[in-house]
Amino acid sequence: MKVCSYIFFLILIGSAVMGQDTAQVQAYARRLVKAYPDCIAGIKDNYVVFKNGTRLLFDDGESKTLTELYAHPDIEDQLKALYVKGKTANPAELDDPGRVRNDSFFKTMYGATPAAVQQNLTTITWLPKTARQSLKVSRINGVDKRLQAISDELEQLPAHLLPYVQQVAGTFTWRVIKGTNRLSTHSFGITMDINTSYSNYWQWDNKTTDEQKKIPHYINRIPFEIVAIFEKHGFIWGGKWYHYDTMHFEYRPELLVD
Ligand SMILES: [Zn+2]
């Protein structure tokens, strides 16, 4: 790191936010910078400062219902999620760690329009020894390299585990989440749906898109060995959500760094 950017980093990390718990904000700032060192400089005066000069409000000070949290979260709301790495029990009711997302945060890093996102996409060869599937993913934050590393590690697994990750269903598509007007992270080229033949999705199993409705059962068929490899490289898994989506992995290192 150059000396000047290092000093800039220290100033930003050291900035307090008026009326907030300074230590907590500093911890969030450290987490963001550690997760996204190429893109984020820190938090200053209640704004997340990106290295491209964009500033996004960190904490709007509002307390929100679950519906409001999904509809218009600030970045602080996004960071509050407790995603637990490793093998965990079934998700608790309405616990969806990682589904609260601030659209502007992702648009700033990966592109605000389909055309802008596509400029940052590159093609990787997924499972080159066993499937050879070409997939378009973002090169921002090294997402392409991380997925290639995941691919390499998956190919070391016992052969009976490979069908789960062969015939990947999709990576980049600019679209909203079904039943909502919220953008899916598939829009940014940072997300992968693995083989749908072995996957479960709360909307399919329960024939509803109503996020407020209690879901009668949780179903997962994805072996944990696969999940562990994705998590190691900064991807969270939709199988840890009450609104489960067991094919779905997205690059969210801010929820995985310590
Ligand atoms: Zn998905």
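Note that ligands are numbered from 1 as they come in the structure, with each ligand's atoms numbered from 1 the same way.
Using a 4.0 Å cut-off between charged side-chain N and carboxylate O, Asp74 and Lys64 make a salt bridge. For the pair Glu254 and Lys34, the salt-bridge criterion is not met [side-chain N within less than 4.0 Å of a carboxylate O].
Taking backbone and side chain together, Glu250 holds no N, O or S atom under 2.8 Å from the Zn ion (ligand 1).
Test His248, His217, His243 against Trp202 for ring-ring contact (aromatic ring centres under 6.0 Å, His included) and you get one pass: His243.
At least one cation-pi condition fails for Arg252 and Phe235: the charged atom is not both under 6.0 angstrom from the six-membered ring centre and inside a 45 degree cone around its axis.
When rounded to 10 degrees, the angle formed at the Zn ion (ligand 1) by OD1 (Asp193) and NE2 (His186) equals 100°.
Taking the Zn ion (ligand 1) as reference, the nearest N/O/S atom within His248 carries the name ND1.
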